[in-house]
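Side chains included, hydrogens not; waters and symmetry mates left out as well; all remaining heavy atoms used.
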Amino acid sequence: MTMLNGLDYFVAQEGNGAPVWLLLHGFMGSHADFAKIVPKLAGTVLMPDLLGHGATTSHAAAERYQIEQQVADLASLLTKRQVKQVNLLGYSMGGRLALAFALSHPELVHCLILESSSPGLATETERQKRRQHDQILVERLQKNGLAQFVRAWTALPLFASQRKLPTATQQFIRQQRLQQNPAGLALSLQQMGTGSQPNYWPALANLELPVHLIVGAADAKFQATAEKMLAKLPNASRTVIANAGHNVHLEQPAAYLAAVNQFVQREDS
């Protein structure tokens, strides 16, 4: 375990040397989500279980789950590991955190890869509606238990394409979700959800470092978000991966890796 600003984080590490990667998983995930792509990334790969997920502690004050606090934890991680700059990659919730980190600490980010992610919601009305929605989810989780919550989450239209995955892969996803701590998930939804994070849309124009957006062709919602982000970011590119939905790195790992490596190689050349 690694102590970051007073909290115990589990941080998996693979490989060695340069470059250094920092990979951030999505809601109800963990570092294990990236198992299919890590062996094909050159250098050192750091993969923290985010607060309230995986083997990282869930026992923290509610405000510690806020996105700004988790940004500070990631900065502390890089300081402890004496890392000066990373290739930063985030998926979904992890992508929102990655964006927040890049905006706060651009000097620590060589390039940024956002998979199926968003800068948040543009209006307070939208954010309030989302907070109310997430609170309903929290109450269902607390009332009905984790197993039923996972069944409902898996059935969301956002994850429909995952039903075409091999049975073993679907079982892996389900097991990942069932191993989570319900208290940690509840606090993550309340404090780190899209309705609780700041609206980062206006800040995109100031993010000058290279950004690559990856979305699945079957994920219409996040394709539209990526289109809007592309128009606002000054140094951005995008890849749409065929035969993939929201979780591109799991559904099409080879195509995903090709997009990631091509982007990084282009920026390093």
Side-chain angles (χ1 to χ4, degrees), residues 1-2 9-50 53-56 74 77-78 80-95 97-98 101 108-117 159 161-162 164-177 179-180 210-217 237-269:
M1 302 297 282
T2 300
Y9 271 77
F10 177 82
V11 183
Q13 179 173 333
E14 299 287 343
N16 55 76
V20 179
W21 297 79
L22 180 59
L23 272 52
L24 307 179
H25 64 78
F27 181 67
M28 278 203 287
S30 77
H31 71 280
D33 287 7
F34 298 110
K36 288 186 176 182
I37 68 168
V38 170
K40 301 292 178 65
L41 295 177
T44 304
V45 185
L46 301 176
M47 297 166 287
D49 286 351
L50 298 178
H53 289 76
T56 288
L74 294 178
L77 170 62
L78 298 190
K80 280 181 175 287
R81 299 294 174 97
Q82 297 182 318
V83 174
K84 293 183 178 180
Q85 231 179 23
V86 293
N87 295 338
L88 180 57
L89 184 156
Y91 159 65
S92 198
M93 179 189 77
L97 179 56
F101 184 88
L108 297 177
V109 182
H110 173 61
C111 61
L112 175 64
I113 299 160
L114 301 177
E115 173 193 353
S116 306
S117 196
F159 303 118
S161 59
Q162 294 182 13
K164 300 176 183 178
L165 292 170
T167 301
T169 304
Q170 293 188 55
Q171 289 175 342
F172 166 79
I173 297 169
R174 182 173 182 273
Q175 196 59 36
Q176 282 278 98
R177 292 169 175 168
Q179 289 175 349
Q180 302 295 340
V211 181
H212 193 65
L213 310 174
I214 299 179
V215 289
S237 54
R238 173 186 53 175
T239 300
V240 179
I241 304 292
N243 302 312
H246 192 63
N247 193 332
V248 187
H249 68 268
L250 190 68
E251 296 178 44
Q252 295 294 338
Y256 182 86
L257 274 163
V260 168
N261 286 324
Q262 286 170 13
F263 167 64
V264 172
Q265 289 166 9
R266 186 169 68 242
E267 295 305 323
D268 290 342
S269 60

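Between Leu250 and Pro253, the shortest heavy-atom distance links the atoms O-CD, 3.7 Å. Phe101 approaches Leu108 most closely through the heavy-atom pair CZ-CD1, 3.7 Å. For the pair Leu24 and Pro48, the tightest heavy-atom approach, listed with the atom from each and the gap, is CD2-CG, 3.8 Å. Contact detail for Gly216 and Val240: the closest heavy-atom pair is C-CG1, 4.2 Å. When every heavy atom of Leu114 is checked against every heavy atom of Gly95, the shortest pair comes out as CD2-O, 3.4 Å. Pairing each heavy atom of Gly17 with each of Thr44, the nearest pair is O-OG1, 2.7 Å.
With sequence neighbours left out, the side chain to side chain contact (heavy atoms under 4.5 Å, CB included) criterion links Gln171 to Thr167. With sequence neighbours excluded, the residues that form a side chain to side chain contact (heavy atoms under 4.5 Å, CB included) with Arg81 are Thr2, Val11, Gln13, Leu46, Leu77, Val83. For Arg177, there are no salt bridge (Lys or Arg N to Asp or Glu O under 4.0 Å) partners two or more places apart in sequence or in a different chain. The side chain to side chain contact (heavy atoms under 4.5 Å, CB included) test applied to Asn261 returns Leu41, Leu257, Gln265, not counting sequence neighbours.
Remark: the Glu115 side chain and the His249 side chain contain an N/O donor-acceptor pair separated by less than 3.5 Å. If you check the side chains of Glu251 and Tyr256, you find no donor sitting under 3.5 Å from an acceptor.
The OG atom of Ser161 sits 8.5 Å away from the CG atom of Asn247 when rounded to the nearest 0.5 Å. Expressed to the nearest 0.5 Å, how far CD of Gln180 lies from CD of Gln175 amounts to 10.5 Å. Note: Met47 CE to Phe10 CZ = 8.5 Å, rounded to the nearest 0.5 Å. Note that CZ of Phe263 and OG of Ser237 are 5.5 Å apart. Values are rounded to the nearest 0.5 Å.
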Residues 86-94, side-chain donor-acceptor partners within the protein, below 3.5 Å, at least two apart:
unit_1, atom_1, unit_2, atom_2, d
Ser92, OG, His246, NE2, 3.0

Atom pairs and distances, donor-acceptor, side-chain atoms in residues 28-37, under 3.5 Å, two or more places apart:
unit_1, atom_1, unit_2, atom_2, d
Ser30, OG, Ala32, N, 3.1
Ser30, OG, Gln176, NE2, 2.8
His31, ND1, Asp49, OD1, 2.9
Asp33, OD1, Gln176, NE2, 2.7

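Formation of a donor-acceptor pair under 3.5 Å by the Gln252 side chain with backbone atoms of Asn243 is found in this model. When atom types are taken as modelled, the side chain of Trp21 and the backbone of Ala42 share a donor-acceptor pair closer than 3.5 angstrom.
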